Amino acid sequence: MKKNVLIVYAHPEPTSLTRQLVEVAVQTLQEQGHRVMSSDLYGMGWKAVFDERDFPCRANLDRLALITESGHAYSTGQQTADVVAEQQKLHDADALILQFPLWWFSMPAILKGWVERVFAFGLAYGYKGEGNRYRYGEGGFAGKRAILAVTVGGPEKDYSPRGIDGPLEQLLFHVTHGMLFFSGMDVLPTHATYGADRATAADVDAAKIAWRLRVEQLFEEAPIPFRSQNGGDYPDRHILASDIAVGQSGLMAHIGEKRGARRDKSLI
Ligand SMILES: Cc1cc2nc3c(=O)[nH]c(=O)nc-3n(C[C@H](O)[C@H](O)[C@H](O)COP(=O)(O)O)c2cc1C
């Protein structure tokens, strides 16, 4: 079935591996009959910082309370045009692909700024004006899929389970879990292309094939089974139940075997 896919990418150099892999995604999706929307953040001159210029019609001129202003601008239709345009693309999208180089173990600042500005209060958080009632698996972006496609300078072994950098999926947990799943999306395992700075022509060809195979499965692959807030694993909506992930703590405790296995109707 034909779907809408939004690719948001952050790289200033058209010949970069990141940008080459964006082209692979666009081509693959179009060949599958999907509609591709894209946001070339550097090309658009995207404003990366979240500040008072995001709120031309302030709720409170005495103090810049960003969450309050975000909710006010969103609910009263007074957001800036660039943010509204990105939210419209997201609204139309069945899937979101974020493509970027790993910079200091995270996404480039311009992409973080896209999330900060586009994920408004009332939409991506504070959904329906209900505080944290709907988060982690529910919220304004529920029903959409998402995947990160990341080029990484270091070799894969640096990111292996005991590698010096730590596992990439844990380093990017703040994005997959903290931004995308938080706002309701189903997030697929991250696609990484390691050793990106030393890639030979053959490596680039192999990277393109590997990414193409992932893109072809965008609507088929099982998402990371993050535990949903309201699925029963967090009885008070904050802390895991004592009989869940016994003996585990930290980030990985929030990944279950099967999402929603202990659904508690009283919390829905
Ligand atoms: C500011 C900056 C920070 C970087 N941080 C990391 C890092 O934390 N880990 C890593 O393996 N590589 C790091 N690199 C290397 C990039 O990941 C690498 O250059 C990029 O993925 C190459 O792909 P590209 O052709 O798409 O730019 C960094 C590069 C820059 C410019």
Side-chain angles (χ1 to χ4, degrees), residues 5-30 36-51 86 89 95-118 146-181 187-218 224 250-252:
V5 181
L6 172 60
I7 305 177
V8 180
Y9 57 96
H11 206 299
E13 170 51 47
T15 65
S16 63
L17 187 54
T18 297
R19 296 278 291 267
Q20 292 185 60
L21 295 176
V22 168
E23 284 168 29
V24 169
V26 171
Q27 193 180 3
T28 306
L29 291 164
Q30 286 178 342
V36 179
M37 300 170 280
S38 62
S39 298
D40 169 5
L41 297 183
Y42 279 96
M44 294 156 66
W46 179 258
K47 172 178 169 288
V49 292
F50 188 37
D51 61 15
E86 295 305 299
K89 290 185 207 172
L96 169 68
I97 302 177
L98 300 182
Q99 294 200 240
F100 59 91
L102 190 72
W103 283 359
W104 290 112
F105 285 10
S106 189
M107 46 169 58
I110 198 170
L111 180 53
K112 176 74 168 6
W114 182 85
V115 175
E116 289 175 12
R117 297 183 58 226
V118 174
I147 186 171
L148 309 182
V150 187
T151 59
V152 181
E156 185 165 6
K157 64 181 171 187
D158 281 0
Y159 295 89
S160 61
R162 284 169 55 81
I164 191 162
D165 288 343
L168 189 67
E169 205 70 88
Q170 292 188 28
L171 297 176
L172 294 175
F173 190 89
H174 67 293
V175 183
T176 55
H177 184 261
M179 300 178 203
L180 304 175
F181 184 65
V187 188
L188 303 185
T190 294
H191 183 79
T193 304
Y194 294 100
D197 288 319
R198 289 180 195 80
T200 63
D203 293 336
V204 171
D205 287 346
K208 288 180 176 177
I209 291 168
W211 174 227
R212 183 185 175 86
L213 292 173
R214 289 296 304 278
V215 174
E216 285 175 354
Q217 295 300 308
L218 182 61
I224 301 170
L251 305 181
M252 293 303 109

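We use all heavy atoms of the structure for the numbers below, so side chains are in, but hydrogens, waters and symmetry mates are not. Given the structure is predicted, the values throughout are model-derived calculations rather than measurements. Counting starts at 1 for both ligands and their atoms, following the listed order.
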If we only count N/O pairs under 3.5 Å, is [X] in contact with ligand 1?
X      : value
Pro101 : no
Arg19  : no
Asp165 : no
Ala196 : no

| request: Would you kindly specify which portion of Tyr194 sits under 4.0 Å from ligand 1, judged on non-hydrogen atoms: side chain, backbone, both or neither? | output: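 Neither part.
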
| field | Part of Glu13 within contact of ligand 1 (heavy atoms, under 4.0 Å) | value |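 No part of Glu13 is near ligand 1 at this cut-off.
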
| query | Closest approach of Phe50 and Arg117, non-hydrogen atoms and distance? | reply |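 Phe50 and Arg117 have their closest heavy atoms at CD1-CG, 3.8 Å.
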
| query | Closest heavy-atom contact between Ile110 and Ala48? | reply |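 What the structure gives for the nearest pair is CA-CB, 3.8 Å.
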
| message | Within the 3.5 Å criterion, strictly below it, is a donor on Lys112 or Ser106 matched to an acceptor on the partner's side chain? | response |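 Note: Lys112 and Ser106 side chains miss the donor-acceptor criterion.
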
| Judged by modelled atom types alone, do Gln99 and Thr18 share a side-chain donor-acceptor pair under 3.5 Å? |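 Gln99 vs Thr18: no donor-acceptor pair found between side chains.
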
I need the nearest protein heavy-atom contact for [atom]: residue, atom name and distance, please.
atom                    : answer
atom 29 (C) of ligand 1 : Trp103 CD1, 3.5 Å
atom 5 (N) of ligand 1  : Trp104 N, 2.8 Å
atom 6 (C) of ligand 1  : Leu102 O, 3.2 Å

| request: Identify, by atom number and element, the atoms of ligand 1 in contact range of Ser16, meaning under 4.0 Å from any of its heavy atoms. | output: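 Every atom of ligand 1 under 4.0 Å from some heavy atom of Ser16: 24 (P), 25 (O), 26 (O).
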
| query | In terms of atom number and element, which parts of ligand 1 are under 4.0 angstrom from non-hydrogen atoms of Val152? | reply |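 Answer, ordered by atom number: 11 (O), 17 (O), 21 (O).
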
| task | Counting heavy atoms only, name the option from Val150, Leu21, Thr151 that's nearest to atom 21 (O) of ligand 1. | result |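 Heavy atom nearest to atom 21 (O) of ligand 1 belongs to Thr151.
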
| said: Among residues at least two apart in sequence or on other chains, which ones pass ring pair (Phe, Tyr, Trp, His ring centres under 6.0 Å) with Tyr42? | reply: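 Expected list: none.
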
